[in-house]
2 protein chains.
Amino acid sequence: MAVPLYQAKAEFFRMLGHPVRIRVLELLGEGPKQVRELLAATGVEASSLSQQLAVLRRAGIVASAREGSTVTYALAGPDVADLMLAARRILTEMLTGQAELLDELRESTGGTNELPESSAARS
Amino acid sequence: MAVPLYQAKAEFFRMLGHPVRIRVLELLGEGPKQVRELLAATGVEASSLSQQLAVLRRAGIVASAREGSTVTYALAGPDVADLMLAARRILTEMLTGQAELLDELRESTGGTNELPESSAARS
DNA sequence: CGATCAATTGAAGACTTCTTCAATTGTTCA
DNA sequence: TGAACAATTGAAGAAGTCTTCAATTGATCG
């Protein structure tokens with residue numbers, strides 16, 4: 001409540017802004033995973049993965065449990081899975097959309113982004 | 001195409017990870033705005049706002065056009081507006097969800113995040 | 001033209017975040 | 001117990017991001 005909403009949002013997005021963290025969240029979207037599995041799937045160094053897992057844990061977006069000598073991670077709640085799905089949909093849409101846009105732009109003068117109305121060319 | 005998808009996603013989220021940029025995108029969600037308006041609405045310094053607008057422009061998520069002595073910004077495409085709406089929905093849901101979760105946790109021993117099954121308490 | 005306003009740019013320093021290394025904790029099993 | 005594995009932590013240096021200041025560009029108007 002003390003933190004403005006747009007700041008909380010920014011922090012949340014920043015927390016998502018790392019390739020390994022994205023991959024982990026997508027993997028956990030399939031279901032709980034042991035660290036060994038995440039390690040194998042991502043191919044990063046153990047300690048580096050641990051650091052990123054710690055970030056996700058601190059953000060409260062994943063939960064961990066020790067089972068014997070191994071540790072299992074899971075998404076902290078169903079909202080998170082929804083979020084990852086939505087993000088995935090939106091992002092892939094958006095990225096393909098941008099690719100199309102890029103193609104369109106290449107056909108014309110090769111400009112950067114200007115508003116549709118204005119037709120100024122870059123020097 | 002050269003960039004792995006999860007890396008593109010991470011970059012995209014990182015690009016969103018700043019309070020001023022979030023605010024700007026939400027304002028532009030209402031419709032195109034002149035820089036003066038964004039300046040007034042966000043209350044940040046002109047040059048700081050320009051820097052953040054430049055980030056959004058480079059990412060291709062907003063477009064700008066000069067009209068006389070002023071500059072107008074708008075979201076680069078309809079996808080972007082959809083994205084901001086979805087993000088807003090998801091985020092507010094998620095944040096209130098977390099608030100509830102926090103309340104629940106305060107009622108119990110005040111633990112951090114553990115998997116539901118495990119009930120370890122913090123020292 | 002010269003003054004002024006709107007907006008952007010470049011660069012420097014403070015501040016975060018990433019990666020990596022070595023050290024540490026917890027668990028298993030011989 | 002102690003050797004070995006799983007995972008985490010702490011700390012140091014590299015790399016990136018933010019804010020701010022001064023300088024710059026483009027447009028308007030007297």
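Each chain gets a letter, A, B and so on, in the order the sequences are listed, and its residues count up from 1. Note: hydrogens, waters and symmetry copies are ignored here, and every other heavy atom, side chains too, is used.
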Here the residues of residues 39-49 of chain B within 4.0 Å heavy-atom distance, strictly under, of DNA chain C are B:Ala46, B:Ser47
Atom CG of B:Leu16 and atom P of D:dC18 are separated, to the nearest Å, by 12 Å
(Q) Can you confirm whether A:Glu30 sits close enough to A:Lys33 that some side-chain heavy atom of one is under 4.5 Å from a side-chain heavy atom of the other? (A) yes
From CG of B:Leu53 across to P of C:dG10 the rounded distance in Å is 16 Å
Of the candidates C:dT8, D:dT8, C:dT17, the side chain of A:Arg14 sits closest to C:dT17
Whole-Å distance, B:Gln34 CD to C:dA6 P, equals 11 Å
- request: Answer whether the closest heavy-atom distance between the side chains of A:Gln34 and A:Tyr73 falls below 4.5 Å.
  value: no
Notebook entry, point to check: So, is A:Arg58 near the phosphate of C:dT17, with a side-chain N or O under 4.0 Å from OP1 or OP2?
Noted result: no
Can you tell me if A:His18 touches the phosphate of C:dT19, counting only side-chain N or O atoms and a distance under 4.0 Å to OP1 or OP2? yes
With B:Pro32 as partner, the option from B:Leu75, B:Thr72, B:Leu27 fulfilling side chain to side chain contact (heavy atoms under 4.5 Å, CB included) is B:Thr72
Residue set satisfying side chain to side chain donor-acceptor pair (under 3.5 Å) with A:Glu26, at least two apart, ordered chain then number -> A:Arg88, B:Lys9
Working for side-chain contact (heavy atoms from CB on, under 4.5 Å), residues B:Leu25 and B:Leu16: CA-CA 9 Å; B:Leu25 289 176; B:Leu16 291 179; 3.5 Å; yes
Just by modelled atom types, is the A:Met15 backbone N or O under 3.5 Å from a matching donor or acceptor in the A:Arg21 side chain? yes
Sequence neighbours excluded, the answer for side chain to side chain donor-acceptor pair (under 3.5 Å) partners of B:Glu37 is none
Distance col, row B:Arg14:CZ vs A:Ile22:CD1, nearest 0.5 angstrom, shows 10.0 Å
* Asked: Can you tell me if the side-chain N/O atoms of A:Gln52 get under 4.0 Å from OP1 or OP2 in C:dT17?
  -> no
- prompt: Is there a donor N/O on one and an acceptor N/O on the other, under 3.5 Å, for the side chain of A:Gln51 and the base of C:dT20?
  reply: yes
From OH of A:Tyr73 across to P of D:dA6 the rounded distance in Å is 16 Å
**Message:** Is it the case that the side chain of A:Ser48 and the backbone of A:Val44 share a donor-acceptor pair, with hydrogens and angles ignored and the cut-off at 3.5 Å?
**Reply:** no
Whole-Å distance, A:Arg21 CZ to C:dC18 P, equals 5 Å
Residues passing the side chain to side chain donor-acceptor pair (under 3.5 Å) test with B:Arg23, sequence neighbours excluded, are none
Between the CG atom in B:Leu38 and the CD atom in B:Gln52, the distance rounded to the nearest 0.5 Å is 12.5 Å
Per-helix bend value, the helix from C:dC1-D:dG30 to C:dA30-D:dT1, C1' rotation axes over five pairs per end, 10° rounding, shows 0°
List, with names and distances, any nitrogen or oxygen atoms from the protein found under 3.5 Å away from nitrogen or oxygen atoms belonging to nucleotides 26-29 of chain C.
none

To the nearest angstrom, the CD-C1' distance between B:Glu11 and C:dT17 comes to 15 Å
